[in-house]
2 protein chains.
Amino acid sequence: MRELPHPKTEELDLPRVLHALSDPARLDMVRRLAQEGELTCGALGVDRPKSSMSHHFRTLRDAGVIRTCVDGTVHLNHLRKEDLERRFPGLLKVVLDAPET
Amino acid sequence: MRELPHPKTEELDLPRVLHALSDPARLDMVRRLAQEGELTCGALGVDRPKSSMSHHFRTLRDAGVIRTCVDGTVHLNHLRKEDLERRFPGLLKVVLDAPET
DNA sequence: GAGTTAGTTCGATAAAATACGAACAATAGA
DNA sequence: TCTATTGTTCGTATTTTATCGAACTAACTC
């Protein structure tokens, strides 16, 4: 099961992570991943075209927020909870607990 | 002592706050405000022109991260610690404790 | 091998953010 | 009132981001 390139835990950069999380669409994606666990790209992007979703997945992946594993034709995404917790303790909880608007 | 317009605590929007914090220059400003308390604009912007600093202050202010009071010709800025804590518990601590890079 | 499915990459466009000089406003002090 | 100080606002140039169709790739299925 192949894996796309991801930054290492020690390389996670706060401004970059915050920027990845500062987009409402991506924040929704992160919340759904937190609730429902591992999800395919298709499962998350209902109303948006594939290319737009792919862009957002890439932004989250490059920032180190999610990890993507390729299983056949399917790309499985999951939150890098432990890595984020090690690098920025409490961040994910704060973001997930925050009021939606 | 006049005060510039600021969003109310209940109006603070997470994506907007995260975006305000996602710029390295602004993150530095926030860290310095956390360490040194109330600061004037001039005290924070050494290497950047005034107009650039003013832009960053405005971004932080509009997001609700800082509050600006006008005292004579001086603008005093301070972190909205309590407001941020009420709206997004733990956020500020996470950001301030995070490794610099 | 042909077709299908899942998602990436490319290319173009539009919207937003950054940067900064110059002009401006408000206040303090001589 | 004249001048200096502090910071905002304006105008513009540059960069970054978002959006999305179209072409492409990889893997599975028949």
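Everything quoted here is computed from the prediction, not taken from an experiment. Letters A, B, ... mirror the listed sequences (proteins, then strands); counts begin at 1.
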Between [X] and [Y], which heavy-atom pair has the shortest distance, and what is it?
{"X": "B/R31", "Y": "B/P99", "answer": "NH2-O, 4.1 Å"}
{"X": "B/L84", "Y": "B/G64", "answer": "CD2-O, 4.1 Å"}
{"X": "A/A63", "Y": "A/L12", "answer": "O-CD2, 3.6 Å"}

[X] has an atom [atom1]; how far is it from atom [atom2] of [N], in whole Å?
{"X": "A/M53", "N": "D/dT19", "atom1": "CE", "atom2": "C1'", "value": "13 Å"}
{"X": "A/K50", "N": "D/dA18", "atom1": "NZ", "atom2": "C1'", "value": "19 Å"}
{"X": "B/H19", "N": "D/dA18", "atom1": "NE2", "atom2": "P", "value": "9 Å"}
{"X": "A/H56", "N": "D/dC20", "atom1": "NE2", "atom2": "C1'", "value": "11 Å"}
{"X": "A/L4", "N": "D/dT25", "atom1": "CG", "atom2": "P", "value": "17 Å"}

side-chain contact (heavy atoms from CB on, under 4.5 Å) partner of A/L18, chosen from B/L18, B/D23, B/V17: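 One option only clears the test, and that one is B/L18.
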Residue of the set B/R86, B/R80, B/E85 for which side-chain contact (heavy atoms from CB on, under 4.5 Å) holds with B/E82: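 Of B/R86, B/R80, B/E85, side-chain contact (heavy atoms from CB on, under 4.5 Å) with B/E82 is met by B/R86 alone.
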Atom pairs, protein N/O to nucleotides 26-30 of chain D N/O, distance under 3.5 Å:
none

Would you say [X] and [Y] make side-chain contact, with heavy atoms under 4.5 Å?
{"X": "B/T59", "Y": "B/V65", "answer": "no"}
{"X": "B/H55", "Y": "B/S52", "answer": "no"}
{"X": "B/R16", "Y": "B/D62", "answer": "yes"}

Residue met sooner reading DNA chain C from 5', once B/S51 and B/H55 are mapped to nucleotides: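 It is B/H55, whose closest nucleotide lies nearer the 5' terminus.
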D/dT8 phosphate, OP1 or OP2, under 4.0 Å from B/R58 side-chain N/O: no
Span of DNA chain C, from the first to the last nucleotide whose atoms fall under 4.0 Å of chain A heavy atoms: C/dT5 to C/dT9
Qualifying residue for side-chain hydrogen bond (donor to acceptor under 3.5 Å, both in side chains) with A/T68, from A/H75, A/R58, A/R61: A/R61
Position toward the 5' end of DNA chain D (nearest nucleotide), B/F57 or A/R48: B/F57
Shortest side-chain distance from A/D23, nucleotide among D/dA18, D/dG7, D/dG21: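 The answer is D/dA18.
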